2 protein chains.
Amino acid sequence: MLDLDRHRELLRTCSIAAALETVGERWSFLILRGAFNGLQHFEEFQSTLGIARNILSNRLGRLVENGILRREPDPADRRRVAYRLTDKGLDLLPVLLSLREWGERWVASGPSNPVLVDKATRRPIAPMAVRDADMRPLTRGELEWVDRSEL
Amino acid sequence: MLDLDRHRELLRTCSIAAALETVGERWSFLILRGAFNGLQHFEEFQSTLGIARNILSNRLGRLVENGILRREPDPADRRRVAYRLTDKGLDLLPVLLSLREWGERWVASGPSNPVLVDKATRRPIAPMAVRDADMRPLTRGELEWVDRSEL
DNA sequence: GTACTCGGTTGCATATTGCAACTGAGACAG
DNA sequence: CTGTCTCAGTTGCAATATGCAACCGAGTAC
């Protein structure tokens, strides 16, 4: 089987491979983290992430191509361009939060800032976890992989 | 600021950057997906992922270094080596599932196999989502970032 | 007009990845 | 105990991707 075919096969059958295809390149995820934290402009991403300008240009382009960011020229200052998360991009929040919580638990030193709260109650969100239908967190021993057809 | 310093600064302050440092390289995440699906041996990863052998060797080594996989020589056949997920690695499951669900929703064609169920009830797990303390899924408008000190 | 900012692009050096061939230890059959 | 095969890599080399610094054109500020 050719490399390309194998690649396409993966893309078809595995949504993780498909997802990584669009957000798995180096810097892409850190750019998204920046976007979630409010960054919008080229120079903001460049200076806060310290990414090379050509790579940043390339990644922003790709994220726009893939519909994760939207490129919006600023009508007031026609030099400026705002990169904003689309719905598709915003929907990556669970991935971002899961990764962040894992990083906090296992890699980084202690909890990080800022924190997401329910705007109404001002209580922090529940930790990202694998839960059953009643929202009880499941431990690994309680889980099993089954084929969709066996449900 | 030097590149190295900037890098270290990121590592210190951002758990996402820290997490990506250990699982963000090309192929690493797909290797982990394989491990979650039961792959354990070098040749299994190599043939199912189609990854180059030297890169696979390098990534497995890194994942072991970072405590995400454990390298276990098989006492029965001393050629064979089993790579198994550690607790730290198994704890990446929420990240994997979030990414997979996003991929299913936005990139890949339809839902994928297999599916995680609660072993006791055989009901599928709840979708990964941002939830409030009462486990109600929160929409984007209901969320707000606040500094940890303001809680 | 002069200087400066924003969002890039270009050229070139370095690092990472991919491919194919090879290796060495161990299993295994006769 | 010899030849063959499998497993888990390693090596050399070509192709890609990344990083850095300098430059650029359009637009803004003075």
Side-chain angles (χ1 to χ4, degrees), chain A residues 1-11 17 20-31 34-35 39-66 69-84, chain B residues 1-11 17 20-31 34-35 39-66 69-84:
Chain A
M1 194 193 274
L2 290 175
D3 186 29
L4 211 69
D5 289 345
R6 211 191 287 117
H7 185 74
R8 297 220 176 96
E9 169 74 27
L10 263 180
L11 267 188
L20 290 172
E21 193 69 12
T22 64
V23 297
E25 288 165 306
R26 209 188 324 225
W27 290 111
S28 294
F29 224 79
L30 285 176
I31 290 170
L39 302 187
Q40 297 196 325
H41 303 290
F42 190 95
E43 304 289 339
E44 286 175 339
F45 287 108
Q46 204 282 318
S47 63
T48 66
L49 300 185
I51 179 175
R53 306 177 69 80
N54 51 347
I55 306 300
L56 176 58
S57 176
N58 176 288
R59 291 300 181 276
L60 288 172
R62 255 174 196 300
L63 291 169
V64 169
E65 268 178 44
N66 287 319
L69 294 178
R70 201 173 39 239
R71 189 180 190 279
E72 295 185 347
D74 180 346
D77 181 344
R78 306 227 317 283
R79 286 171 306 184
R80 309 199 94 203
V81 174
Y83 289 95
R84 288 213 181 74
Chain B
M1 196 192 273
L2 289 174
D3 186 30
L4 212 68
D5 289 344
R6 211 192 284 117
H7 186 73
R8 297 221 176 97
E9 170 74 30
L10 263 179
L11 266 189
L20 290 173
E21 192 69 13
T22 63
V23 296
E25 288 164 306
R26 198 166 1 199
W27 290 110
S28 294
F29 225 78
L30 285 175
I31 290 170
L39 303 187
Q40 296 196 328
H41 302 292
F42 190 94
E43 304 289 340
E44 287 175 339
F45 287 109
Q46 203 282 316
S47 63
T48 66
L49 299 185
I51 178 175
R53 306 179 69 82
N54 52 348
I55 305 300
L56 175 59
S57 176
N58 175 288
R59 291 302 181 274
L60 288 171
R62 253 173 199 301
L63 290 170
V64 169
E65 267 178 44
N66 287 319
L69 294 178
R70 203 174 34 239
R71 188 180 190 280
E72 295 186 349
D74 180 347
D77 181 345
R78 306 229 315 286
R79 287 170 306 183
R80 308 199 94 202
V81 175
Y83 290 96
R84 289 214 181 73

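Only this structure's heavy atoms are used, side chains among them; waters, hydrogens and symmetry mates stay out. Chain A is the first sequence line, chain B the second, and so forth, proteins listed ahead of strands; every chain is numbered from 1. What you are looking at is a predicted structure, and each value in this text was computed from that prediction instead of being measured.
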Is the backbone N or O of A:Tyr83 less than 3.5 Å from a side-chain atom of A:His41, with the two atoms forming a donor-acceptor pair by type?
->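 Flag not set: sc A:His41 to bb A:Tyr83 has no pair under 3.5 Å.
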
Short side-chain to backbone donor-acceptor contact, B:Gln46 and B:Ile51, under 3.5 Å | yes

Taking the minimum atom-to-atom distance to the side chain of [X], which one of [options] wins?
X: B:Ala52; options: D:dG19, C:dC19, C:dG8; value: C:dC19
X: A:Asn54; options: C:dC6, D:dA17, D:dC20; value: D:dC20
X: B:Phe42; options: D:dG9, D:dG12, C:dT17; value: D:dG9
X: B:Arg53; options: D:dA8, D:dT18, D:dG12; value: D:dA8

Would you indicate, yes or no, if [N] has its OP1 or OP2 atom less than 4.0 angstrom from a side-chain nitrogen or oxygen of [X]?
X: B:Ser57; N: D:dA8; answer: no
X: B:Arg62; N: C:dT16; answer: no
X: B:Trp27; N: C:dT16; answer: no
X: B:His41; N: D:dC7; answer: no
X: A:Arg26; N: C:dA15; answer: no

Spacing of [X] atom [atom1] relative to [N] atom [atom2], expressed in whole Å:
X: A:Asp74; N: C:dT5; atom1: CG; atom2: C1'; result: 13 Å
X: B:Gln46; N: D:dT6; atom1: CD; atom2: P; result: 14 Å
X: A:Gln40; N: C:dC6; atom1: CD; atom2: P; result: 14 Å
X: A:Glu25; N: D:dA17; atom1: CD; atom2: C1'; result: 10 Å
X: B:Glu44; N: D:dG9; atom1: CD; atom2: C1'; result: 16 Å
X: A:Asn58; N: D:dC20; atom1: CG; atom2: P; result: 16 Å
X: B:Arg59; N: C:dG18; atom1: CZ; atom2: C1'; result: 11 Å
X: B:Glu43; N: D:dC5; atom1: CD; atom2: P; result: 16 Å

So does B:Glu43 pair up with B:Arg53, basic N to acidic O under 4.0 Å?
->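 Looking at B:Glu43 and B:Arg53, the cut-off is met.
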
How close do [X] and [Y] get, heavy atom to heavy atom, and via which atoms?
X: A:Thr22; Y: A:Leu63; value: O-CD2, 4.0 Å
X: B:Arg59; Y: B:Ser28; value: CD-OG, 3.4 Å
X: A:Ala35; Y: A:Leu69; value: CB-CD2, 4.3 Å

Report yes if some heavy atom in the side chain of A:Leu56 is under 4.5 Å from a heavy atom in the side chain of A:Phe42; otherwise report no.
->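 The answer is yes, as the side chains (C-beta and beyond) meet within the 4.5 Å cut-off.
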
B:Leu39: partners by side chain to side chain contact (heavy atoms under 4.5 Å, CB included), with sequence neighbours left out | B:Glu44, B:Phe45, B:Thr48

Protein proximity profile, nucleotides 24-30 of chain C - base contact B, sugar-phosphate-only contact S, no contact -, cut-off 4.0 Å on heavy atoms = -BBS---

Heavy atoms under 4.0 Å, any strand shown: does B:Tyr83 hit a base, just sugar-phosphate, or nothing?
-> sugar-phosphate

B:Arg80 near the nucleic acid: base, sugar-phosphate alone, or nothing, with a heavy-atom cut-off under 4.0 Å?
-> sugar-phosphate

Just how large is the angle between the end axes of the helix from C:dG1-D:dC30 to C:dG30-D:dC1, five pairs per end, to 10 degrees?
-> 20°

Supply the atom-to-atom distance B:Trp27 CH2 to B:Leu49 CG, rounded to the nearest 0.5 angstrom.
->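 Going from CH2 on B:Trp27 over to CG on B:Leu49, the span is 6.0 Å.
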
